[in-house]
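Report on the following structure.
Labels below follow one simple rule: chain letters A, B, ... track the order of the sequence lines, proteins then strands, and each chain is numbered from 1.
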Amino acid sequence: GKKEETTANKTSNEGGKTVIEYWHVNAETQGGKTVDELVKEFNAQSETTEVIAKFNPDMYKGLMQNLQAEAAAGKAPAIVQVGWSFLNYFANNFEYSSPQAIIDQYFPEDKTFLEDYFLSNVLALAQGPDGEQIGIPYSLSTPVLYINRDLLKEAGLDENGPKTWEEVKEFSKTIKEQTGKFGVYIQQPADNWATQALLESNGAKMITDGKATFASEEGIKAYQLWADMVLEDQSAPNLPWDQGIQSFIDGNVAMLYTTIAQRSNVQSNSQFDVAAIKSPAWEGKSPKLPAGGAMLAITAKDEEQRKAGWEFMKFLYSVESVAKWTEGTGYVPPRKDVAEAENGLKDFLAENEMMNAAIEQMDGVVPWTSFPGDAGLQAEQLLLDVRDQILGGSISVEEGLKATEQQINELLQ
Amino acid sequence: MKEIRFENVWKSYGKTEVVKGLNFTIKEGERLILLGPSGCGKSTTLRMIAGLEEITSGELYMNDRVVNDVPSGKRDVAMVFQNYALYPHMNVVDNITYGLRVQKVPRSETRNRLDAALKMLKLEGYENRLPKDLSGGQRQRVALARAVVKKSNYFLLDEPLSNLDAQLRVSARKELVKIHELYRQTIVYVTHDQIEAMTVGERIALMNEGKLQMLDTPENVYHRPANIFTAKFIGSPPTNVVEVTYLDGKIMFGNQSFQLLPMWVKQVEQSKTSRIAFGIRPEHLEINKTADKNTLKGTVKYVENQGNSYGVYVDLQGNEVIALSESKYWPKGETVYLKPFMNHIHLFNCETTNSIGYPAELDQEETTLERVLIHE
Amino acid sequence: MKEIRFENVWKSYGKTEVVKGLNFTIKEGERLILLGPSGCGKSTTLRMIAGLEEITSGELYMNDRVVNDVPSGKRDVAMVFQNYALYPHMNVVDNITYGLRVQKVPRSETRNRLDAALKMLKLEGYENRLPKDLSGGQRQRVALARAVVKKSNYFLLDEPLSNLDAQLRVSARKELVKIHELYRQTIVYVTHDQIEAMTVGERIALMNEGKLQMLDTPENVYHRPANIFTAKFIGSPPTNVVEVTYLDGKIMFGNQSFQLLPMWVKQVEQSKTSRIAFGIRPEHLEINKTADKNTLKGTVKYVENQGNSYGVYVDLQGNEVIALSESKYWPKGETVYLKPFMNHIHLFNCETTNSIGYPAELDQEETTLERVLIHE
Amino acid sequence: MKINRFVSIPWHLIFIATIFILIFPIIFAVGSSFKSLQDAYNNVLNIIPIQPTLENYQIFFNSLPAIQITVNTFIIAAVVTIFKVITSFLAAYAFVYFQFRGKTVLYFLLISTIFIPFTVTMIPNYLIISKIGLTDSIWGVILPQLADALGIFLMRQSMKTIPISLIEVAQLDNLSHVQIMRDIVLPLIKPAVTSTGIWFFISSWNEYVWPVLILKTTDNFTLPLALQMYISSEGGTNFTVAMAVSVITMIIPLALYLAFQRYIVGTFTSSGIK
Amino acid sequence: MSALTTGVKRFNRENWKAYFLLFPSLLIFAFFMFWPFIYTIYLSFFDWNMISPTKEFVGLQNYIDILTDPKSYKIFGNTFIYIAILLVLNCVVPYVFAFVIDMVLKRFKGFYKGALFMPAFISLVVGSILFTWILNPVSGPVAIILGWFGLEMPIWSKMDGWVIFVLSLITSWKVFGYNFIVLYASINGISRELIEAARLDQVPLWRIFFQIVLPMSSATGIYVFIITIVQGLQYVFTPIKVITQGGPNYASSNAIYHAYHEAFVLYRTGHSAALSILTMVIFLVLLFIEIKFVERGIYYEN
Ligand SMILES: Nc1ncnc2c1ncn2[C@@H]1O[C@H](COP(=O)(O)OP(=O)(O)OP(=O)(O)O)[C@@H](O)[C@H]1O
Ligand SMILES: Nc1ncnc2c1ncn2[C@@H]1O[C@H](COP(=O)(O)OP(=O)(O)OP(=O)(O)O)[C@@H](O)[C@H]1O
Ligand SMILES: [Mg+2]
Ligand SMILES: [Mg+2]
């Protein structure tokens with residue numbers, strides 16, 4: 001039947017079109033439908049290429065696992081989404097083609113495509129340590145602070161929310177005292193994205209010259225604030241991510257520090273006056289926010305596939321596609337001109353004010369730190385372990401961070 | 001009062017009625033034999049007494065209390081199951097003593113009872129065997145031993161000796177009786193062995209199709225069967241029962257006849273029955289080659305070895321009757337003459353199948369039918 | 001040649017020797033009864049014939065072939081298991097006909113055999129019951145029916161009627177014999193019922209402790225026991241066997257004595273045995289209240305009901321002997337006089353426990369001991 | 001059997017309590033599947049939705065080839081179950097009724113595989129499936145699951161409780177092994193076969209880790225994969241749709257269980273044996 | 001027993017039939033179990049991330065790393081705690097339940113049987129998501145109800161001890177029904193007469209359970225015992241992965257999850273392989289001990 005023909009080995013269909021696979025992680029709640037629409041649209045208009053989209057559960061980690069199995073079998077899809085935290089790992093271990101290389105080789109007409117349409121700090125997100133363009137940023141997210149205005153009002157606080165982390169702490173404490181509810185929940189997934197935002201905004205650096213340096217004074221101070229809220233004030237619950245979000249949506253937590261990708265979930269399910277404000281800064285400092293989301297990388301092996309891959313990518317990065325993409329996912333568009341364009345997001349942004357917080361803080365975006373080398377992932381894990389320890393109260397912030405920093409540095413050697 | 005009383009007890013499985021209105025009393029301390037054809041409800045009755053089978057309707061009294069709802073463990077009953085129900089994972093000793101250990105009978109006492117039971121049932125040397133490594137008869141003995149050691153007030157035995165050889169059976173039942181004479185539990189004992197029934201039973205309850213047919217001493221059951229079923233069921237070869245006509249003090253077999261004793265004549269006249277069946281046990285039918293007064297003529301059909309005598313099957317005007325003889329030389333087709341012992345005949349009402357009763361003179365003649373107890 | 005031959009067959013389970021050097025032949029088409037005390041190895045022997053038990057050493061021949069290694073399915077054997085071994089998930093009909101269906105016996109044939117078996121064993125009406133809904137006797141009948149319908153050349157029955165009532169047992173065994181007369185399979189039949197052994201068996205093999213004791217016709221086993229074990233095992237109550245001294249044609253019981261017939265004297269002298277045991281069956285011991293010539297004096301110990309006669313236990317100079325009597329009026333302690341039928345005595349060599357043999361005159365007297373076949 | 005009534009009352013209470021605890025999540029799931037997501041977030045205590053909606057089910061049916069996915073799942077589960085039962089049964093039969101060289105070692109070897117972490121087999125199995133070209137095919141999902149050590153284990157244990165006499169009768173009747181298996185052994189261990197079969201089915205039906213690796217196109221997806229499409233840490237889990245998919249996922253195994261439940265009763269194998 | 005040996009002897013010549021019957025299972029196992037296993041042993045001597053073209057041979061280093069890492073002991077400790085909890089919840093409890101429902105109760109048996117099995121239909125993934133909601137310590141229904149009584153629910157997913165217990169409960173919830181039903185079928189198959197015989201002896205229920213039912217159903221009992229261990233080892237993986245990812249700080253990780261974590265999160269293939277092998281070895285030793293010692297006490301008909 002038809003099924004067998006869609007296997008990875010199949011490189012062209014009956015119509016002589018090149019068949020390529022596009023691996024994504026977009027569940028239905030995260031733009032899955034949009035992926036399907038885009039693919040359908042593309043397939044309808046392309047005369048040379050047919051795209052098959054494969055959904056990979058369990059986010060970028062899940063995709064990476066599947067990719068690994070595929071690679072072990074000596075095969076590869078044409079295009080994959082690579083989460084930022086996997087940037088280094090991906091670059092070190094998988095075969096890929098730099099998009100510019102493909103453009104240069106086969107599509108001279110697109111030579112300046114990247115330069116023309118992407119901010120350089122955005123493009124830089126997808127560059128390896130040596131500046132090589134590994135892929136092209138596709139989904140961009142930043143952390144924002146969602147606030148329950150009703151609760152803030154109830155606690156007699158400014159309904160526009162806190163501007164700084166110090167204020168967040170104060171707000172939280174007040175909320176706890178006034179309403180008995182929790183003040184803030186800072187997301188705790190199995191990565192250090194939010195942690196990085198917290199620390200680096202205070203001037204710490206996760207990495208300096210290939211060495212972990214987060215246990216600096218600024219780093220410790222920033223972390224301490226979080227730990228104090230959890231342990232001392234008990235105004236921030238120590239919950240897993242989904243339970244934290246759930247508790248914010250049903251009104252048990254007044255503020256939620258998490259990705260803008262959660263906007264639609266929060267917006268459509270909360271029954272209070274909800275708003276998203278920019279990520280808090282530290283007093284006197286400007287926030288540095290790691291970019292979340294993913295880039296698209298080309299892993300296709302043979303020429304036809306690569307060419308087809310770029311054709312599809314180019315389609316995905318058109319203004320219309322990116323706009324659709326943004327509407328469907330809640331991610332920030334990677335292309336600079338989309339937000340204002342008539343055929344872009346103009347109307348959408350007008351309707352969904354909460355997006356603005358994310359778009360406005362784009363200039364503060366820095367790459368998501370991805371520890372270098374083979375032990376990078378392990379290093380990342382150590383940082384997660386110490387988060388559990390600190391927030392669980394089994395170790396002091398200073399001690400924990402210092403020890404971890406040291407361990408990581410040993411690993412990275 | 002270790003008495004067991006059935007008051008209109010019924011038992012059915014779904015729509016199948018298995019026990020149909022039992023009404024009788026098992027006296028305290030007696031040995032009652034439960035006899036009846038296969039499938040007549042003996043095991044079911046026993047199991048009701050043990051409390052293993054729910055009573056569908058009616059009341060069962062034990063010790064003057066209705067026990068319909070008393071759990072089996074509370075009835076102080078020991079039972080030998082027809083299919084043994086040995087614990088397959090316990091060896092002989094454990095099987096036998098398990099109940100005692102549970103009831104915290106002292107060690108030494110347990111040991112004594114065990115030893116006695118092993119000895120009584122010749123199970124010495126098999127103490128550590130699992131049931132699966134025993135022969136059929138050995139398993140049955142273990143089952144019996146398990147019940148014997150319990151010394152319960154009620155002792156129910158469901159064909160406890162059926163798989164044992166004659167010698168062992170005789171010795172086991174003697175031992176059982178000996179134990180009983182000592183402790184006087186109330187025993188209900190199912191057996192298909194009629195000699196066993198006669199030797200062990202103080203009274204016999206005969207069942208058929210879930211109904212009680214007769215309940216009396218072995219002598220009476222044997223010599224004064226209450227109905228045709230009883231007469232035919234007890235004794236082997238079975239009682240000959242032939243439908244006859246009664247005429248003027250005579251019993252007519254087709255065109256042959258013989259004269260009843262006056263006491264029988266009186267009995268028949270009193271009972272006012274018209275259709276009569278005549279019964280006589282094979283051993284009460286003398287077979288001769290020559291005619292005599294009051295004999296019936298027939299022809300030999302065949303002879304069957306009955307162990308220590310021979311059963312001669314005789315065609316008597318189309319009815320097959322059996323007579324016992326010491327000799328086996330009864331050629332087929334030979335004409336023979338049968339002479340019933342006139343004291344030992346049975347007459348039944350053909351309609352009800354019940355006995356028309358026995359002349360009072362018979363009782364006097366045989367003096368009192370007191371039990372001859374068995375004791376060594 | 002549906003003959004079965006044992007040549008020095010041994011069977012042991014681990015270290016337990018269960019069958020010890022069997023050496024005998026079961027003739028083609030005969031009905032052989034296997035008799036013996038519980039646990040003597042009967043079932044084991046049957047199971048070896050069926051091929052269910054490995055033979056430890058020796059050869060088993062069937063149909064003149066060594067079958068030690070022939071799988072049971074290839075031996076054309078039907079067997080009634082002592083424990084029935086019914087398929088619990090099949091109803092009565094399926095249990096009975098399953099083997100036939102497997103062997104692709106035609107439908108109508110199966111139906112006929114089934115009907116005949118159901119009728120023979122009075123199982124009509126139970127066709128759709130599962131084993132768990134049957135009484136013990138009914139289960140046994142199903143097991144028997146299952147074997148009967150197979151019409152195999154070898155037919156092994158392990159106490160097939162032990163749980164049936166006397167009537168059913170009699171009719172079932174008659175039917176079995178009838179079937180056998182028709183098909184002449186080779187039948188090996190284990191039973192504990194001696195009447196059954198006598199009536200069914202053409203020959204009887206008596207085993208004890210894994211060894212063959214005697215193999216002969218029922219008459220000979222009964223009347224000419226080859227050894228003390230046989231004499232005591234066969235017949236109930238058992239043969240009285242008393243150790244005596246022989247002196248000058250006389251048998252001495254302590255200070256009493258009686259005169260042997262001349263033919264016996266000759267036999268004893270021939271056999272040159274010094275220590276002699278004297279045996280006599282209870283029914284060959286007349287008991288009287290008055291002395292006679294050649295009687296032995298004893299005192300009554302007790303009386304036991306034997307069904308249709310009474311067993312009188314008499315103390316004879318310290319030995320307990322049993323005599324049968326029609327009457328039960330033998331008061332305890334009374335002095336009685338026992339008179340052996342001098343034709344029916346048995347004399348054994350005390351050392352070997354074997355019979356010293358029977359005088360040739362006895363055979364002439366009783367003419368030929370030909371079988372009385374049972375046929376209707 | 002007569003039991004003291006008072007013994008049973010506390011037990012009934014215990015069972016009712018246990019069952020409440022066990023069933024509550026299911027009711028919660030079913031209830032949620034008829035709620036709007038907003039309702040689910042904000043009214044957790046209303047187990048029964050105030051305004052029931054079929055929206056969640058519609059979302060599922062509209063966004064995915066639901067029928068195709070259910071059929072895929074069913075084929076996988078059914079084929080896997082049937083094969084596992086058959087291969088386990090045959091192997092167990094060999095272990096119980098045959099004596100052969102290497103039996104013990106082989107048995108130990110087979111049984112020991114139950115302790116092999118799936119992390120060990122995942123990638124190598126993927127490589128094999130990929131080599132035979134069965135990726136993105138339900139057959140690729142099925143193939144490695146056609147035998148099961150636990151199935152062999154349970155069936156062997158069950159077969160070992162069959163009284164040997166029953167096999168002997170069969171031997172006397174010269175039954176072939178096929179006949180013994182089909183007519184004697186199988187009916188007698190039916191409870192074990194049925195309960196394990198149902199379990200195999202449910203396990204395969206709910207299997208996620210392995211199919212995720214093999215299946216790529218939504219047309220080939222199974223229900224648990226479809227469910228994953230509503231679960232996302234970053235975009236938020238659509239709890240109510242996920243519950244709707246779960247409820248749909250539950251229905252077929254449940255129906256199967258109801259159909260086969262009556263076979264899960266003891267066979268009284270001893271009732272034919274004295 | 002005896003007959004079996006005959007059977008066995010006779011079947012001897014039919015050896016090939018046995019292999020024939022085993023063939024399908026062996027074939028599947030050879031490819032999809034044994035080969036990967038051997039390959040894993042091989043990998044356990046390398047430092048590799050599964051992708052990179054070079055594998056570095058490190059000898060026993062992976063094993064040494066594991067054995068010297070205190071985390072490993074914590075994780076193995078957790079593994080056994082999971083198993084211990086599940087043995088109680090999913091072996092002992094269903095055993096007792098099956099016994100009581102079959103032999104003590106007269107009414108509602110069918111209902112109990114069906115109801116106890118219900119959760120088996122739901123996958124552990126769904127179960128985990130469900131419990132994340134239901135047991136949300138801040139806003140889940142349980143927390144709210146506890147709140148009415150002034151009780152605060154522990155934030156179990158972040159607390160040592162609690163986290164293992166709750167994850168075990170979730171696993172147990174799912175597999176309880178199957179273990180129960182298997183045991184039930186086995187207990188239900190015990191001849192009623194044996195139980196009756198015991199009742200006549202006034203054997204108390206607990207003794208009937210321990211001394212008759214347990215030994216008589218031990219063939220199945222040992223199966224349930226072993227699968228419970230497997231469940232404690234393999235099944236808890238899903239709730240760990242969905243709910244805690246082994247956290248907080250490995251407090252809920254078990255050997256299998258950790259092997260997964262090493263292999264598919266950290267891509268330390270060699271390390272993961274060594275861990276898998278160690279896990280296997282530990283459990284094979286346990287299995288071997290079981291076969292050597294426990295098996296003897298098991299009652300088989302043949
Ligand atoms: N597996 C076994 N291991 C050891 N001994 C055994 C085994 N099976 C049977 N026996 C012994 O073998 C002997 C003969 O057993 P068999 O079943 O043949 O006796 P039997 O003559 O049929 O007795 P019964 O009349 O009681 O059925 C018995 O003493 C029995 O205990
Ligand atoms: N579960 C059942 N369902 C239906 N009928 C049954 C059930 N159990 C027993 N019976 C029937 O009840 C009748 C009486 O059985 P019971 O076991 O009491 O007979 P029994 O007198 O002991 O016979 P036997 O001498 O053969 O052991 C039998 O006809 C039997 O078929
Ligand atoms: Mg009975
Ligand atoms: Mg026997």
Heavy-atom contact with chain D under 4.5 Å, split by part of [X]:
| X | result |
| --- | --- |
| E:Y257 | neither |
| E:A115 | both |
| E:V96 | side chain |
| E:A120 | both |
| E:V93 | neither |

For the residue pair [Y] / [X], report whether a side-chain donor-acceptor contact shorter than 3.5 Å exists.
| X | Y | answer |
| --- | --- | --- |
| E:S186 | E:N188 | no |
| E:Y223 | D:R156 | no |
| E:Q231 | E:N179 | yes |
| E:Y112 | D:H12 | yes |
| D:Q157 | E:Y300 | yes |

When the ring centroid of [X] is compared with that of [Y], is the distance short of 6.0 Å?
| X | Y | result |
| --- | --- | --- |
| E:F117 | E:Y178 | no |
| D:F100 | E:W16 | no |
| E:F97 | E:F176 | yes |
| D:Y230 | D:F239 | no |

- Quick one: do D:H177 and D:F98 satisfy ring pair (Phe, Tyr, Trp, His ring centres under 6.0 Å)? Show the steps, please. CA-CA 11 Å; D:H177 286 297; D:F98 286 90; 4.8 Å; yes
- ring pair (Phe, Tyr, Trp, His ring centres under 6.0 Å) between E:F131 and E:W173, intermediate numbers included: CA-CA 10 Å; E:F131 277 98; E:W173 171 79; 5.2 Å; yes
Region of [X] in contact with chain E, defined by heavy-atom distances below 4.5 Å:
| X | answer |
| --- | --- |
| D:E207 | neither |
| D:I251 | neither |
| D:I152 | side chain |
| D:L154 | both |
| D:A29 | both |
| D:I128 | side chain |
| D:F95 | side chain |
| D:L106 | side chain |

Just so I understand: if I count every heavy-atom pair under 4.5 Å between each of [options] and chain D, which residue has the most?
| options | value |
| --- | --- |
| E:I129, E:N136, E:T279, E:L233 | E:I129 |
| E:I144, E:T40, E:I134 | E:I134 |
| E:F108, E:F31, E:F34, E:Y299 | E:F34 |
| E:F264, E:F283, E:W133, E:F37 | E:W133 |
| E:L194, E:I291, E:I226 | E:I226 |
| E:S217, E:G114, E:S218, E:A219 | E:A219 |

- Message: Working to the nearest 0.5 angstrom, can you tell me the gap between D:M250 CE and D:Y257 OH?
- Response: 12.0 Å
Pick whichever of [options] has the most heavy-atom pairs under 4.5 Å with chain E.
| options | value |
| --- | --- |
| D:I14, D:I26, D:I16, D:T18 | D:I26 |
| D:L227, D:T196, D:I111, D:I252 | D:T196 |
| D:I21, D:I198, D:D148 | D:D148 |
| D:A94, D:A40, D:P117, D:S32 | D:P117 |
| D:T87, D:V245, D:L256, D:T113 | D:T113 |
| D:T249, D:T194, D:I123 | D:I123 |

- Do the non-hydrogen side-chain atoms of E:H258 and E:L275 ever get within less than 4.5 Å of each other? yes
- Task: Check the pair D:F201 / D:W205 against ring pair (Phe, Tyr, Trp, His ring centres under 6.0 Å), numbers first and verdict last.
- Result: CA-CA 6 Å; D:F201 189 89; D:W205 183 265; 5.4 Å; yes
- Message: Whether D:K84 engages the ring of D:F200 as a cation-pi pair (distance to the six-membered ring centre under 6.0 angstrom, angle to the ring normal within 45°) should be assessed.
- Response: yes
